[in-house]
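Input: a single structure, listed below in structure tokens.
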Amino acid sequence: MSADLRTPVGAARGKPMIEVEQLVKRYSGASTDAVAGVSFAVRQSEIFALLGPNGAGKTTTVGMLTTRVVPTGGKARLAGIDVVDQPVRARAALAVVPQRINLDRSLSIRQNLLFHAAYHGVPTGVARSRAQHLLERFELTDHADHKADLLSGGQAQRVLVARALMHNPQVLFLDEPTTGLDPAVRLFVWESIRELRDQGVAMVLTTHDMREAAELSDRVAIMDGGKLLVEETPERLVSTLPGTQTLDLTLDTAPGSTALVAALKALPNAVHVEQIGEAVAAAEDTRGQRERLRLRLYVDGDAPTLVVPVAEVLSEHGAVLTDITIGRPNLEDVFLHHTGRTLR
Ligand SMILES: Nc1ncnc2c1ncn2[C@@H]1O[C@H](COP(=O)(O)OP(=O)(O)OP(=O)(O)O)[C@@H](O)[C@H]1O
């Protein structure tokens, strides 16, 4: 990155760059709050992931922080600037990498970068050299004068990140930054995000991809029903889960599996059982109506020793095992544990 891009490399994670206090949004006509009193802070050189199922309130929260949505309560400051009292100054401090490619298709890549800089009042000379630097940094120089509508998805995503950096933001909001990208471009974008962190940028990442959240974030918040349920480092979140290994079971069973789940939970070393997603109706057979169920068993100790006892319990309850996988708890399990849902 160019020398003019913000704080020196290795800047200490220090000053709070995003400060959110009891932020509330109730859309007009709604009977409940879309965001119901959320508080958190993100420091310089920190990546904060905001995770949650559909309708949790993530977009609304980010909307308030980026001045697109007016809060109905609480406070939010970016780089010390109140987003409601001083939206223009707040917008100068922030940038958004959107999920949807919203480049001006009639302009070249370079022009897209320069227009963005002009909108933010960056002097022309500075904008030109910054654009050149970012085009090189994001390996876009060969395409700099091509129209934006000729780009591949991966190239367009790199342009979106480059464009966001044209006015040198202190706070960056990333919305599903690598969805749909091939693995190589994805790693490249991740690497660029880490470099920005090293340069002092504070980032809020919204993603449905648990691997992305685990790879990038310093802290993760899980949101549901307009509230933050937990907020911690990814490692600590995983370590607070019950059990050290997991057994994922897919089975066909009669509807209503309470007794089966209780019997699995009662097995030695089984510490917790969670249903993954909704049960799906399966074909009827001689035993009557059946459904397909996915369960995750959290196990203390050696999960393989539980495979035979699990099979016995299933057979006692007339269930047929169709798939079994041994794993370790990860961020996805944390999500499931707190929201009762998988991400997709
Ligand atoms: N403009 C709006 N007017 C009224 N209600 C809205 C508006 N935008 C969002 N909502 C409601 O606010 C709640 C939170 O929605 P929001 O889009 O913030 O959630 P989200 O976590 O971003 O979900 P997703 O992952 O689906 O994008 C939902 O109940 C949604 O229907």
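Counting from 1, the numbers follow the sequence of the chain as shown. Note that the coordinates shown come from a computational prediction; the quantities given were computed from them, not determined experimentally. We count ligands from 1, going down the list as the structure has it; atoms in each ligand are counted the same way.
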Looking at [Y] and [X], is there a salt bridge between them, counting it only when a charged N and a carboxylate O are closer than 4.0 Å?
X      : Y      : value
Arg211 : Glu332 : no
Arg43  : Glu19  : no
Arg197 : Asp218 : yes

| query | Pairs in or reaching into residues 46-72: which pass ring-ring contact (aromatic ring centres under 6.0 Å, His included), with residues at least two apart or in two chains? | reply |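 Those involving residues 46-72 are Phe40-Phe48.
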| query | Taking any residue with a non-hydrogen atom under 4.0 angstrom from an atom of ligand 1, which ones do you get? | reply |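 The 4.0 Å shell around ligand 1 contains Tyr27, Ala34, Pro53, Asn54, Gly55, Ala56, Gly57, Lys58, Thr59, Thr60, His208.
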| said: Which residues pass the side chain to side chain donor-acceptor pair (under 3.5 Å) test with Asp248, not counting sequence neighbours? | reply: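 Per chain and number, Asp248 pairs via side chain to side chain donor-acceptor pair (under 3.5 Å) with Arg296.
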| said: Which residues pass the salt bridge (charged side-chain N to carboxylate O under 4.0 Å, His left out) test with Asp145, not counting sequence neighbours? | reply: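 Testing Asp145 for salt bridge (charged side-chain N to carboxylate O under 4.0 Å, His left out), a comparison that skips the adjacent residues, returns Arg110.
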